[in-house]
Amino acid sequence: MLFISMVDAVFLGDSWLDDKWNEHRTWGAILAESEKWTYLNLSKAGCTTEYIIDTIKTHPGLKNTDASTQWIIHIGGNDLLYWVIKNPFRITYDISKRKKHFFKNKGEEIALRISHIVEYIITHYDATNITISSNTACYGVPLCRAFGLFYTPFTTRQHMDLITAEVNLALLRVTGHLIHIHPKVRFSFYNECKTCIEESDKISWKWDLFHPTKQSHYILAESFKQSIQLPLHTHISYFTHLQEYTNLQNYHFLISFIFSSALLFIFLKNFGTSLE
């Protein structure tokens with residue numbers, strides 16, 4: 001009789017979990033090794049939620065999962081990226097406003113697609129252990145920060161925090177709904193975004209300024225273990241706090257600008273007088 005071993009973990013993600021594209025182990029593989037998991041990594045660089053939905057419907061390896069399998073979902077970043085590229089006028093409007101209507105709507109759409117993934121693996125693979133990772137479009141990622149600097153050079157942090165909050169709160173609302181309708185499923189949330197922001201002095205980035213280096217994936221793997229232990233309301237509070245827009249940075253810049261301009265004016269005036 002042929003014995004087929006069950007898979008301990010399944011990773012459904014994009015380039016942040018794709019070992020082949022990175023040419024080294026990502027935080028998923030590092031986590032699996034530390035937990036002594038056998039795992040199936042179905043992550044693919046550049047993929048979207050639609051790709052993952054198609055993959056879970058057809059991949060033969062998923063037959064080797066059971067109720068004890070840990071499912072980790074890290075997807076949605078490319079959905080957001082491709083939308084940003086295709087909608088420059090909406091982005092220009094949204095990025096300059098405190099209310100991120102278009103980002104909020106896109107965040108809700110991505111969250112809904114992720115809920116479809118969750119519903120499918122619960123229904124077809126008896127998934128009972130599911131972790132959903134946050135969207136990593138945040139101030140802690142250099143490329144995202146550069147994007148913000150281009151649009152709002154003096155309020156970059158504020159606006160990036162607002163975008164991050166809108167997208168991830170939509171994801172957390174969906175997660176809360178899933179918890180309510182599937183009480184027997186153990187859900188957890190990995191606030192990877194928080195790690196990228198708060199550990200920015202430790203995390204290094206590849207040439208594209210969007211993907212963590214090999215060593216940084218060890219930091220992400222360790223933060224995963226800590227983050228998933230926190231209750232959902234803790235993550236909600238974190239992103240809600242990011243929504244607290246403040247003009248303090250604007251005032252600091254304005255005061256500094258006026259002060260510097262005044263000094264320059266006085267210097268030029270005195271310099272001109274001395275020449276006379």
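If you read the sequence from its start, that first residue is 1, and numbering goes on from there.
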*What closest approach, in Å, do Asn87 and Trp83 show between heavy atoms, and which atom pair accounts for it?*
ND2-O, 2.8 Å
*Should Lys99 and Lys104 count as side-chain neighbours, where that means a heavy-atom distance under 4.5 Å?*
no
*Would you mind reporting whether Tyr238 and Ile197 have side-chain heavy atoms less than 4.5 Å apart?*
yes
_Using the ring-ring contact (aromatic ring centres under 6.0 Å, His included) definition, which of the options Trp16, Trp27, Phe189 pairs with Phe224?_
Trp27
_Nearest 0.5 Å, please: how far is CG in Asp14 from CD1 in Ile52?_
8.0 Å
*Between Asp19 and Thr26, is there a donor-acceptor pair closer than 3.5 Å when you use the side chain of the first and the backbone of the second?*
yes
*Under 4.5 Å between side-chain heavy atoms, hopping through other hydrophobics if needed: is there a path connecting Leu172 to Leu230?*
no
*Looking at NE2 of His177 and CD1 of Ile179, how far apart are the two atoms once the value is rounded to the nearest 0.5 Å?*
11.5 Å
*Taking the side chain as C-beta and beyond, is there a heavy-atom pair between Trp37 and Gln70 under 4.5 Å?*
yes
_Validation row: Leu62, Leu42 side chains within 4.5 angstrom (heavy atoms)_ = yes
*Determine whether more than 12 heavy atoms belonging to other residues, nucleotides or ligands lie under 6.0 Å from atom NZ of Lys100.*
yes
_Check for me, please, whether Val185 and Phe11 land in the same ILVMFWY cluster - side-chain distances under 4.5 Å, paths through other members count._
no
*Are the side chain of Thr55 and the backbone of Tyr51 linked by a donor-acceptor contact shorter than 3.5 Å?*
yes
*Does Glu199 reach the side chain of Lys194, with side-chain heavy atoms less than 4.5 Å apart?*
no
*Given side chains that start at C-beta, do those of Lys225 and Leu31 come closer than 4.5 Å, heavy atoms only?*
yes
*Sole candidate of Asn129, Thr131, Thr175 that passes side-chain hydrogen bond (donor to acceptor under 3.5 Å, both in side chains) when paired with Ser188*: Thr131
*Which atom names give the shortest non-hydrogen contact between Cys196 and Cys138, and what distance separates them?*
CB-SG, 4.0 Å
*asked:* Tell me whether the rings of Phe102 and Tyr93 are parallel (<30°), tilted (30 to 60°) or perpendicular (>60°).
replied: perpendicular
*Is it true that Tyr218 and Ile228 fall in one hydrophobic cluster, defined by side-chain heavy atoms closer than 4.5 Å?*
no
*Tell me, with the steps shown, if Val167 and Lys106 meet side chain to side chain contact (heavy atoms under 4.5 Å, CB included).*
CA-CA 7 Å; Val167 173; Lys106 189 61 184 179; over 6 Å; no
*In Å, rounded to the nearest 0.5 Å, how long is the span from CG of Leu12 to OG1 of Thr49?*
12.0 Å
*Counting N and O atoms only, with roles assigned by atom type, does the side chain of Tyr190 sit under 3.5 Å from a partner on the main chain of His74, one being a donor and the other an acceptor?*
no
*Value rounded to 0.5 Å, distance of CZ in Phe147 from OG1 in Thr156*: 10.5 Å
*Calculate, to the nearest 0.5 Å, the distance between atoms CG and OG1 belonging to Leu81 and Thr48 respectively.*
11.5 Å
*Has the side chain of His124 got a donor or acceptor atom that lies under 3.5 Å from a matching backbone atom of Tyr120?*
yes
_Please find the pair of heavy atoms, one from His159 and one from Thr152, that lie closest to each other, and give the distance._
CD2-CG2, 3.7 Å
*Could you pull out the closest heavy-atom pair between Ile85 and Pro88, with the gap in Å?*
O-CD, 3.8 Å
_Arg145 side chain to Tyr139 backbone, donor-acceptor under 3.5 Å_ = yes
*Walk me through it: do Asn22 and Lys206 pass the test side-chain hydrogen bond (donor to acceptor under 3.5 Å, both in side chains)?*
CA-CA 10 Å; Asn22 282 279; Lys206 294 183 179 180; 2.6 Å; yes
*Is it the case that one hydrophobic cluster holds both Val174 and Ile53, taking links as side-chain heavy atoms less than 4.5 Å apart, direct or via other members?*
yes
_Test side chain to side chain contact (heavy atoms under 4.5 Å, CB included) on Asn105 and Glu108; report intermediate values, then the result._
CA-CA 5 Å; Asn105 292 340; Glu108 290 174 348; 4.1 Å; yes
*State, without any angle test, whether Glu119 and His116 hold a side-chain donor-acceptor pair at a distance under 3.5 Å.*
no
*Residues two or more places apart in sequence or in another chain: which of them pass side-chain contact (heavy atoms from CB on, under 4.5 Å) with Asp54?*
Glu50
_So Cys193 and Thr164, do their side chains get closer than 4.5 Å, heavy atoms only?_
yes
*Exam field: side chain Asn135 to backbone Asn168, donor-acceptor pair closer than 3.5 Å*: no
_Short side-chain to backbone donor-acceptor contact, Asp94 and His101, under 3.5 Å_ = yes
_Lys36 versus Asp8, closest heavy-atom pair with distance_ = O-OD2, 3.9 Å
*Would you name the heavy atoms of Ser216 and Ser204 that are closest together and state the gap between them?*
OG-N, 2.8 Å
_Any donor-acceptor N/O pair, Ser134 side chain to Asn191 backbone, under 3.5 Å_ = no
_CG on Leu17 to CD1 on Ile73, rounded to 0.5 Å_ = 11.5 Å
*Report yes or no: do Leu171 and Leu242 belong to one cluster of Ile/Leu/Val/Met/Phe/Trp/Tyr joined by side chain heavy-atom distances under 4.5 Å?*
yes
*Any side-chain heavy-atom pair of His182 and Ile130 under 4.5 Å*: no
